[in-house]
Enquirer: 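For reference, the structure I am asking about is given below.
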Amino acid sequence: MTGTVCLTFDVDGGEAQRYAAPGEPALVDLSQISWGDFGIVRGLPRILELLRELAVPGTFFSPGATLDAHPEAFEAVLADGHEIGHHGHHHFHPAEIDAAAQEEELLSGLEAIRRRLGVTPAGYRSPAWQLTSVTFELLVRHGFVYDSSLMGDDRPYVATDGPHRLLELPVHWGLDDFPHFGMNASFAGPLRNPREVFDVWWLEIESAIADGRPTVLCMHPEVIGRSWTFDAFGRFVRRLTEDHRIELRTCLDVARSHTDRQ
Ligand SMILES: [Zn+2]
């Protein structure tokens with residue numbers, strides 16, 4: 001059997017963290033914002049260099065406001081042939097804002113990606129994985145090929161909400177770097193040994209190979225891009241490339257294969 005792995009990166013940046021939900025005061029936590037900025041200036045270039053060296057494709061989800069603040073960073077992502085996905089505009093969590101604000105988030109994020117990069121994203125990942133029925137319907141209405149925010153299976157499936165259907169490339173908190181290495185003023189992460197985490201992820205991948213199912217890994221440049229995690233991450237990705245049973249593909253590539261089989 002073979003297994004597919006999608007390396008995905010949520011490039012939130014500091015810009016998206018300046019905004020509070022409508023009606024709430026803007027965030028003024030410069031430390032939190034600067035941590036997001038680290039992801040742009042240091043984490044993202046490290047990731048791009050690694051993927052370039054190993055000829056590995058990735059999928060990068062970004063809020064529109066972050067793209068507007070750092071267009072050159074995302075031009076570099078696109079120039080390397082990676083996929084760009086939608087990740088809101090101000091990174092508002094859909095479950096925390098009303099229907100009009102959710103639509104504004106979706107349309108503004110779409111417009112920013114089209115204007116800055118000249119591409120239309122086919123995939124969406126909800127900020128904080130807080131997808132709602134309102135945003136789900138908007139994704140279907142605007143022709144998104146897939147979502148990657150839900151956890152209803154451990155392989156691609158068609159998610160349904162009322163009359164609406166959309167291909168889902170599921171995520172899971174355990175396969176996200178933030179619960180293992182992330183830390184901020186409101187979340188004290190365990191700061192685990194990265195070698196242990198990647199060993200656990202490898203167990204998931206071995207299981208996925210046996211099943212022939214794709215695995216979606218979710219990372220953040222400000223988290224995985226710190227030197228102590230990044231060294232181990234680099235060895236992990238190299239191991240993926242050296243295993244002949246594993247294919248590394250973008251989310252859109254996997255989504256198209258899945259749709260073609262329907
Ligand atoms: Zn995010």
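In each ligand, atom 1 is the first atom listed, and ligand 1 is the first ligand listed.
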Enquirer: Can you tell me which N/O/S atom of D12 has the shortest distance to the Zn ion (ligand 1)?
Expert: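 So the atom name we want here is OD1.
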
Enquirer: Report whether L167 and F144 are members of the same hydrophobic cluster (ILVMFWY, side-chain heavy atoms less than 4.5 Å apart, transitive linking).
Expert: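 Looking at the clustering, F144 is in a separate group from L167.
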
Enquirer: Would W35 and F38 count as a close aromatic pair, with their ring centres under 6.0 Å?
Expert: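 That pair fails the under 6.0 Å test.
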
Enquirer: Any N/O/S atom of H91 sitting less than 2.8 Å from the Zn ion (ligand 1), backbone or side chain?
Expert: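 Within the cut-off used here (under 2.8 Å), H91 does place an N, O or S atom near the Zn ion (ligand 1).
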
Enquirer: Are P63 and H86 packed together at the side-chain level, in the sense that at least one heavy-atom pair is separated by less than 4.5 angstrom?
Expert: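 The answer is no; the side chains never approach within 4.5 Å.
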
Enquirer: Could you go step by step and tell me if E242 and R235 meet the salt bridge (charged side-chain N to carboxylate O under 4.0 Å, His left out) rule?
Expert: CA-CA 11 Å; E242 290 171 350; R235 285 192 289 276; over 6 Å; no

Enquirer: Hey, is there an N, O or S on D10 sitting under 2.8 Å from the Zn ion (ligand 1)?
Expert: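 No.
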
